[in-house]
Amino acid sequence: MAGGGGRPLCGKQAAVISVGEGGRLHPEVPVLQTNNGPGLTGLITIAAHLVKQAKKDQLLGSTAEEKAVVQQWLEYRVTQVDGCSSKEDTRIILKNLNIHLEDKVYLAGNIFTLADVLMYYGLHHVMVDLTVQEKEKYLNVSRWFNHIQHYPGVRQHLSNVIFIKNRLYTNAH
Amino acid sequence: MRLRVAAGGPAALKVLAAAGAAAAPVRLVWGGPLEQPLAPLSPPWTPALELDSGTVLFSPNAICQFFFLARGEEPTDLTNQWLEWEATELQPAASAALYAQLVHGRKGLEAVEVLGKLLVHIELNLSRRGTAYLAGDTKSVADVVVWGTLFPVLQDETSLPSELQVLRTWFQSMTLSEACRKAADSVLMPKALLEFKSYLQKQPPPCLAMERATSNEPEEEEGSEPALTEEEITAAVDAWARGVAALPKPWQPQKPVLPVEGMRNVLITSALPYVNNVPHLGNIIGCVLSADTFARYCRLRNWNTLYVCGTDEYGTATETKAVEEGLTPQEICNKYNAIHTDIYRWFDISFDYFGRTTTPYQTMIAQDIFQRLLARGFLLQDTVEQLQCEDCQRFLADRFVEGTCPFCSYEEARGDQCDKCGKLINAVELKNPQCKLCRGVPVVKPTQHLFLDLPKLEEQLEPWLEQSWATGDWTANARYITRSWIRDGLKPRCITRDLKWGTPVPLDGFRDKVFYVWFDAPIGYLSITANYTDQWERWWKNPQQVELYNFMAKDNVPFHSVIFPCSLLGADDNYTLVNHLIATEYLNYEDGKFSKSRGVGVFGDMAKDTGIPADIWRFYLLYLRPEGQDSAFSWSDLMLKNNSELLNNLGNFINRAGMFVCKFFGGTVPDMVLTPDDKRLLARVTLELHQYHQLLEKVRIRDALRCILSISRHGNQYIQVNEPWKRIKGDEKDRQRAGTVTGVAVNMASMLAVMLQPYMPSVSLAIQGQLCIPPDCFVLSHNFTCTLPPGHRVGTVSPLFQKLEHDQIEALRKRFGGGQPEDLAVEPQAKQTPPASVTLMAPGDPELIQELTEEVAKQGNHVRQLKANKAEKAQVDTEVAKLLELKKQLALAEGKSPEVLVPKGKRKK
């Protein structure tokens, strides 16, 4: 589930990520145990921490605006994407993302960021189950997803989701 | 940059406060509730920040973050952690609390328990770090975001529990800061919250997964609503249009009710209440009320239904009671039979006949079954070692002996069964037996008794059970208890007793004995029916035409699933055997047991003195019917369910629907022009109706009640979204829309009246009267149809339910002795002392208990946090020791035995 997000970016594995515990209401929230100081709790928090550790700060955005946009999509990932409980919720998220990605290469515009990585991990189980027709319907999401899964180092243990290049349903969307 | 905020929107506060705190140069634009969403990806009511570059930020926390970033304050691990925690944990809980406050009118923090745990989390973090603010000694984005979410719920720090001292200080200093104060002043005008309330009412309630732990709530997840198919919608619209013609004519059976060829003939029995005591709420929901609800449902389905019950009057307990009260057994029975009859009449139980077992028919039928068993060789004779009290000059029947349970050593076990471990006991096996009458020590003497040869009958019993289980609805507990009885091996079972008050045994050598009550009592179903109609055999010797439902609490299962069927199978006279055995679990009283001797709990005859109408009692008992697991009666929950479900949901909807017809359309149902939205609603209601049928056909009475409440919830949302009170003042099209909405709503109310009838017959009748629903509509089909067509005149509409007030409920709780720690705590071992001196145990001080409970929670969190942070083992151990000590103190304060509690309280199986 949520735990996988930090892995690809972690240069030196000087820490242990455990899922669960921590006296929280959502037991699946990951916790990072570092050698110094108290642990960190939460997917975004841990991922951002590891990004900085790995000195890849550009993944969090450079300007204030970019940083806020990245923050916004990370938040969208843990509240909206993780919070969706029904097919209907999922459909709305795919529809919204499809609109958002219509004129953008990445979630935050023209730069690849942590938001893309975590969103990829959050949506993988959804994308795997989409039919060919649905993938065409959410064409921009599919294009983005296919792009991200081929980004070096991102996909890791997850399965490759197949997208067909030529369109089958001309009326779709 | 432009910041667009909706007045009253809950996130408005934090973005304004953040803009103020970071001194961001924003242009503020107020949006109204009816405007388009402020950003394409955000729900209405959330703020949006349009940056000069054209980028729109729609997430409140990202907006706050941006203000701080813009002036050079970079996020840290800590601020990130707080922001993420706020978004995923605090925000959902706070929304739920706000919803409970605004929509259900609950006060302060009582609304959402989860919020309390989150507050403790903040308190612990602040106090452990020893900093003034969440992420250090200066105010950061984290403080503003968390404060902005808490403020609408708390309003000021005094609503925080006083032991959260550090949190209080932090919250107060935040509230007093200029940025927060200004933001609060501009956003939380009372009017803004009101507008927000009306918005909330149109939304489904926020769902909080972790809020659903209590056993009184339905077990299944209320996930999203299933999508409707086009076929379902078309079918619902067709059914609606057919109107009353689509309904079958209500079936009016002849009196007395007898099975009818070609009809579904349903025979319903409720376990016979024992005559010598007054039934408590648990007894009432356990059988009589459950069976009544089902019987009413069957009649509404046009099934030919007979519901019989009566008092079980023979046996030892009556004799002992007669001795106590100085009356003859018959006088005792007459007295208590009248009490029972009154109670059930008050609860509006629709028996076709409520009889008793002390009748000539009982003797006739019981002796006939006995003779047939004897003739077919299913009875054994044996010498029994029995306890005889030499002082009283009599053999002591089971209930005349008390002693120590041979299985669990409970010292107050009765001669037939142990109240503590529930095992059946042979009186001679009791340790330290005592005669209940004279407290003398009885001696064991041999005497002759008759036994039902259960091992021999087992080969008939098993195929019958298999067939009944395959075709009928037996509750899971009924199957389980029966299975374990058979697995333990059936033994011959004594059917005679040395008593006078009973059905005499018609056999030489046994004429001074009577039938054991459990051989005799179930035969009461037959004899009571015989007293109702001389053609009783058409019900009881007619398994081809009759379907038999037995209702009972789980302790009665073996007698109905094994012993009585064995008697009837052995008697071999084509008896009607049980097809559906419906057993409930137990209802507790405010987390303890009902106890007449300690005056704890509400008993049938007192319910009417509470001033709460019978239908409210029926509703609440059925709402928490112990279906599948034990449940507990609670006064505050009763108040809550009355005020939220009945008053605000069901009553509010039906009343509004009726009022709109009266106020806007002169009391005549208006014309309806259905839009696609209306059609979807019809289909949605039809789905709920189908669900209702599916559940009730399986006798899942409690769950089916949820369907009713769910329909009225749909109705409330429908009215709230369409606002007929506004449209009625609009143009022709708006007025027509108001008419359609009112018409559909009042028809929903009409169907709810019918669906509600099994649960709340008087309320159902009141709705029928108010809306002038034709009697022919009082029948249940699978269709939601337009029963009140345009032109139908309704009567005078008035409110159906009354609010229960806190003071009134507190007074009742005091009067009926609920929730007092000493009652909670009385374990069977402690009952030794006579009832009057039970208070021997230190009475718990509620404040102390409260305080300790919180301490335990706090310390528990602390320990978990330490473990999560992989703290030193020694430190963890110290803190764990503190936690255990606190738990022990709490257990003592509650009067529980502390040893049991320490290993994480796994006492329940």
Side-chain angles (χ1 to χ4, degrees), chain A residues 2 16 18 20-27 29 31-35 37-49 52-53 57 60-61 63-76 78-80 82-89 91-93 95-97 99-100 108-109, chain B residues 40-42 49 51-53 55 57-72 74-75 77-85 87-89 91-93 114 117-118 120-121 124 128-129 207-210 221 223-227 860-865 867-871:
Chain A
V16 181
S18 65
E21 267 294 334
R24 302 183 49 110
L25 302 167
H26 298 116
V29 175
V31 176
L32 177 77
Q33 286 305 327
T34 49
N35 290 340
L40 291 175
T41 308
L43 181 66
I44 304 178
T45 309
I46 294 173
H49 172 83
K52 279 186 239 163
Q53 290 263 300
D57 291 48
L60 298 172
T63 64
E65 178 177 331
E66 278 173 10
K67 286 175 184 170
V69 170
V70 172
Q71 169 73 26
Q72 158 163 301
W73 285 106
L74 291 174
E75 197 183 318
Y76 188 85
V78 292
T79 56
Q80 308 297 309
D82 289 354
C84 70
S85 51
S86 67
K87 273 231 152 4
E88 179 65 12
D89 288 354
R91 207 182 56 74
I92 290 171
I93 284 181
K95 195 177 128 228
N96 287 340
L97 282 175
I99 296 169
H100 178 76
Chain B
L41 286 177
S42 63
L49 182 68
L51 303 180
D52 298 335
S53 65
T55 304
L57 291 176
F58 58 83
S59 131
N61 284 5
I63 295 173
C64 296
Q65 181 77 277
F66 177 77
F67 292 144
F68 281 82
L69 275 165
R71 71 164 196 183
E74 291 289 323
D77 282 346
L78 263 184
T79 59
N80 278 342
Q81 182 165 290
W82 278 114
L83 256 53
E84 184 174 1
W85 177 81
T88 54
E89 311 267 339
Q91 183 64 53
V114 169
K117 294 177 197 155
L118 298 175
V120 171
H121 174 82
L124 284 175
R128 205 172 48 236
R129 289 181 213 284
C207 85
L208 263 181
M210 53 279 189
E221 294 281 307
S224 63
E225 289 169 343
N861 268 327
H862 184 43
V863 167
R864 271 190 292 278
Q865 200 68 40
K867 285 183 179 166
N869 295 343
K870 296 268 164 23

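Quick note on labels: first sequence line is chain A, next is B, and so on, each numbered from 1. Both backbone and side-chain heavy atoms feed into the values below; hydrogens, waters and symmetry mates do not.
- Here the CD-CD1 distance, from B:Glu84 to A:Ile46, works out to 7.5 Å after rounding to the nearest 0.5 Å.
- Across all their heavy atoms, B:Leu69 and A:Ala64 have their closest contact at CD1-O, 3.6 Å.
- In terms of heavy-atom pairs under 4.5 Å with chain B, the best-connected choice from A:Gln80, A:Lys52, A:Gln71 is A:Gln71.
- Across every non-hydrogen atom of A:Glu65 and B:Ser53, the tightest pair is OE2-OG, 2.8 Å.
- The part of A:Glu75 that comes within reach of chain B is its side chain, from C-beta onward, which places non-hydrogen atoms under 4.5 angstrom from that chain.
- B:Phe66 CZ to A:Thr63 OG1: the interatomic distance, rounded to the nearest 0.5 Å, is 8.0 Å.
- Here CG of A:Leu74 is found 8.5 Å from CG of B:Asn80. Values are rounded to the nearest 0.5 Å.
- Atom-to-atom distance recorded for B:Gln81:CD and A:His49:NE2 is 11.0 Å, nearest 0.5 angstrom.
- The main-chain N or O of B:Leu57 is never found under 3.5 Å from a side-chain atom of A:Gln72 such that the two would form a donor-acceptor pair.
- The CG atom of B:Leu78 lies 9.0 Å from the OG1 atom of A:Thr45; values are rounded to the nearest 0.5 Å.
- If you measure heavy-atom distances from B:Ile63 to chain A, you find no contacts under 4.5 Å at all.
- With a 4.5 Å cut-off on non-hydrogen atoms, B:Gln91 does not touch chain A at all.
- Rounding to the nearest 0.5 angstrom, the gap separating the OG1 atom in A:Thr41 from the NE2 atom in B:His121 is 7.5 Å.
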